[in-house]
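Here the structure is laid out as structure tokens; the discussion comes afterwards.
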Amino acid sequence: MTDEKTTYILDTNILLHEPFAFLSFQEHDVVVPMTVLEELDSIKDRRKDVSRDARVAIRALEDTLVDASPEQVLAGVKLPENDAEHPSGCLSIFNDYTLEDLAGQLSQNENDNRIINAALHIQSIKSDQKVVLVTKDINMRLKAKGAGLAHVEDYRTDQLIDDIQFLTKGYYHFEGDFWQQVKACDSETEGRNTTHYLDKSLLPKSYVNEYLIDDTEHFAAKVTGNSEDKLSILDLSRERLMSKNAWGVHPKNIYQGMAMDALLDPSIDLVILTGPAGCGKTLLALASALEQVIERGLYDKVIVTRSTPEIAESIGFLPGTEEEKMAPWLAAITDSLEVLHKQDENMNSSLNYIMDKANIQFKSVNFMRGRSIQNSLVLLDECQNLTASQLKTIITRCGEGTKLVCSGNLAQIDSNYLTAVTSGLTYIVERFKDFPGSATINLNGVVRSKLASFAEENL
């Protein structure tokens, strides 16, 4: 928080990204241009998920300004305060349609230009204050700078990390030999499981279900608990992780071993798999799902869903039922099923039998709202293209006995409104890292082919 009073002008995409964003600027003033309200109004009736966010934003603005007179709305209405120590600023509507065309200003024919011109006008009349245009549109930020606006920013209040390289990987790699760095240790063995109790200073920022590995060929462990001064870890060993098996699939590297351990652990309700193309995210998730539904009987069915953005021209409307329409989007799942059963005498018959036996259902994310999914294993693929609110909708659908597996590659975002930092996948990785019922694994190392590895690194 700074001592300088700042005026923030919000673009439409900010309120679509976070409908209550105008409440996030602490003691500073917030201005919403009339053009933004016009854009929200045109969006609210579309049959898309963004329409809901537009309606929520409009209602939130109306609730804040409901008792204000027209003069007060233009001058600024006090925003609700969180507490006495954190005063709030004012919210106002600026009628940018009254601005005259001036030399040097952008054409008023486009909505983005109207918002930029409004920011330039406010900057000129509030020369003693810092005036900032807040927008997620990169091109609009460039245009605003070129038009003479001194301060233009992205909306970062909801960003849990500033750089994707700091995203939680789900494991910690110790250099050298782990046990050479341990000064004191108490151990407890129950059956085949041995738990070690170490000093918390060895890994002060650890969290439950974080995996531990080192440079040796034998050590591997998982954090099972931590207190202010003690850290408890379950001794797994690399041999034990690499011997994991699900539906005939064995891990090819230690990262897949950690992922399979988390996928097959019934005490973990949420598993998040990140990593580049070809690292085995979908194959491991599907093999583990078949193992737990058919062989172990832990779940009643497998529900497979994913977002459906297109990376090229639309092929138009698809005929058929919901599952038939989803088939092209979920080809990655059927591809993985074929890999798992390619040695069978009649692969097509095997696939049909397995899909019926495991009760595999292909569902669209669009129809997940309002459902309550019980005793199921839900595979959410390609979730880097989902927003935090969309992922929240799906996670809150999981009822008793349901396990959710989220997978995605943050280098392959097809949504126009998301980046690696603002993706819902990044959001849940950081939000759930302290939740004891979740585990995150970054599958380091491409195992599909040399071609995929080269493309990931060089294209």
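For reference, positions follow the sequence shown, starting with 1. Excluded from the calculations below are hydrogen atoms, water molecules and symmetry mates; all remaining heavy atoms, backbone and side chain alike, are included.
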Using a 4.5 Å cut-off on heavy atoms from C-beta on, say whether the side chain of Ile441 contacts that of Ile272. no
Could you check whether any side-chain heavy atom of Tyr197 comes within less than 4.5 Å of a side-chain heavy atom of Leu231, counting everything from C-beta outward? no
Locate the shortest heavy-atom distance separating Met260 from Val249; write the atom from each residue and the value. CE-O, 3.7 Å
Tell me whether the count of non-hydrogen atoms from other residues, nucleotides or ligands lying under 6.0 Å of NZ in Lys169 goes above 12. no
Return yes if a side-chain donor-acceptor contact under 3.5 Å exists between Thr7 and Asp29, otherwise no. no
When you measure from the side chain of Ser376 to the backbone N and O of Val378, does any donor-acceptor pair fall under 3.5 Å? no
Hey, does Val56 have a side-chain heavy atom less than 4.5 Å from the side chain of Arg59? yes
Side chains of Leu286 and Leu379: closer than 4.5 Å at any heavy-atom pair? yes
Presence of salt bridge, Lys230 and Asp199, under 4.0 angstrom: no
Applying salt bridge (charged side-chain N to carboxylate O under 4.0 Å, His left out), run through Arg141 and Asp112 and close with a yes or a no. CA-CA 10 Å; Arg141 293 202 291 266; Asp112 284 358; over 6 Å; no
Spell out, as yes or no, whether a donor-acceptor pair under 3.5 Å connects the side chain of Glu188 to the backbone of Thr195. no
Would you check, one step at a time, whether the test side-chain contact (heavy atoms from CB on, under 4.5 Å) holds for Ile360 with Ile303? CA-CA 6 Å; Ile360 299 177; Ile303 296 178; over 6 Å; no
Report, one line per pair, each donor and acceptor closer than 3.5 Å where one atom sits in a side chain of residues 176-187; sequence neighbours left out.
unit_1, atom_1, unit_2, atom_2, d
Asp177, OD1, Trp179, N, 3.0
Gln181, NE2, Glu175, O, 2.7
Ser187, OG, His196, ND1, 2.7

Non-hydrogen side-chain atoms of His151 and Leu133 separated by less than 4.5 Å: no
Has His28 got a side-chain atom pairing as donor or acceptor with Thr6's backbone, closer than 3.5 angstrom? yes
Distance alone, cut at 3.5 Å: any donor-acceptor contact between the side chains of Thr426 and Ser423? no
To the nearest 0.5 angstrom, please state how far the CZ atom of Phe20 sits from the CG atom of Asp63. 8.0 Å
Take Leu16 and Ile43, measure what side-chain contact (heavy atoms from CB on, under 4.5 Å) needs, and give me the verdict at the end. CA-CA 10 Å; Leu16 293 177; Ile43 292 170; 3.7 Å; yes
Is the backbone of Ile373 close enough, under 3.5 Å, to the side chain of Thr402 for a donor and an acceptor to pair up by distance? yes
Mind listing the closest non-hydrogen atom pair of Ala57 and Pro19 along with its distance? N-CB, 3.7 Å
Look at atom CZ of Phe435 and say whether more than 12 heavy atoms of other residues, nucleotides or ligands are closer to it than 6.0 Å. yes
By side-chain hydrogen bond (donor to acceptor under 3.5 Å, both in side chains), which residues pair with Glu210, not counting sequence neighbours? none
With a 3.5 Å distance limit and no angle check, can you tell me whether Asn13 reaches the backbone of Lys136 through a side-chain donor-acceptor pair? yes
CG-CD1 distance between Leu241 and Ile254, expressed to the nearest 0.5 angstrom: 4.5 Å
Can you find a pair of side-chain heavy atoms, one from Val132 and one from Val152, that are under 4.5 Å apart? no
Option from Val429, Leu380, Leu386 for which side-chain contact (heavy atoms from CB on, under 4.5 Å) with Cys406 holds: Leu380
Between the side chain of Asp11 and the main-chain N/O of Ile14, is any donor-acceptor distance below 3.5 Å? no
Ring pair (Phe, Tyr, Trp, His ring centres under 6.0 Å) with Tyr8: which of Phe22, Tyr155, Phe25? Phe25
Give, for atom CD of Gln374 and atom NZ of Lys301, the distance between the pair rounded to the nearest 0.5 Å. 9.0 Å
Atom CD1 in Ile354, atom CG in Asn359: separation rounded to 0.5 Å? 12.5 Å
Taking side-chain contact (heavy atoms from CB on, under 4.5 Å) as the definition, give me every residue that meets it alongside Thr396, ordered by chain and number, with sequence neighbours left out. Lys392
Mind checking whether Tyr211 and Leu236 have side chains closer than 4.5 Å, heavy atoms only? yes
Could you grab the distance from atom NZ of Lys145 to atom CG of Leu142, nearest 0.5 Å is fine? 10.0 Å
Identify the two heavy atoms, one from Ala277 and one from Gln412, that lie closest to each other, and give their separation to 0.1 Å. CB-NE2, 3.9 Å
Write down the atom of Leu284, the atom of Ala259, and the distance for their closest heavy-atom approach. CD1-CB, 4.2 Å
Counting only N and O atoms by type, is there a donor-acceptor contact under 3.5 Å from the side chain of Gln292 to the main-chain atoms of Leu263? yes
CA sep, side-chain torsions, deciding dist, call: Thr189, Thr194, side-chain hydrogen bond (donor to acceptor under 3.5 Å, both in side chains): CA-CA 4 Å; Thr189 301; Thr194 299; 3.2 Å; yes
Glu291 side, atom CD; Glu295 side, atom CD - distance, nearest 0.5 Å: 5.5 Å
Step by step, work out the side-chain contact (heavy atoms from CB on, under 4.5 Å) result for Leu10 and Val30. CA-CA 7 Å; Leu10 303 189; Val30 177; 3.7 Å; yes
Using modelled atom types and a 3.5 Å cut-off, is there a donor and acceptor pairing between side-chain atoms of Asn226 and backbone atoms of Ser206? yes
Salt bridge Lys205-Asp434, side-chain N to carboxylate O under 4.0 Å: no
Would you please test Ile9 and Thr135 for side-chain contact (heavy atoms from CB on, under 4.5 Å) and show each step? CA-CA 9 Å; Ile9 297 102; Thr135 177; over 6 Å; no
Quick one: does Ser288's side chain have a donor or acceptor within less than 3.5 Å of a partner on Ala285's backbone? no
More than 12 non-hydrogen atoms from neighbouring residues, nucleotides or ligands closer than 6.0 Å to NZ on Lys357, yes or no? no
Aromatic rings Tyr255 and Tyr171: how do their planes relate, parallel, tilted or perpendicular, breaks at 30° and 60°? tilted
Distance-minimising heavy-atom pair for Gln256 and Cys279: NE2-O, 2.9 Å
Please check this pair: side chain of Gln384 against backbone of Leu425, looking for a donor-acceptor N/O pair closer than 3.5 Å. no
Side chains of Asp215 and His173 only: does a donor on one sit below 3.5 Å from an acceptor on the other? yes
Determine whether Lys200 and Glu228 make a side-chain contact, defined as any pair of heavy atoms from C-beta on separated by less than 4.5 Å. no
Might you point out which heavy atoms bring Ser407 and Lys281 nearest each other, and give the distance in Å? CB-CB, 4.1 Å
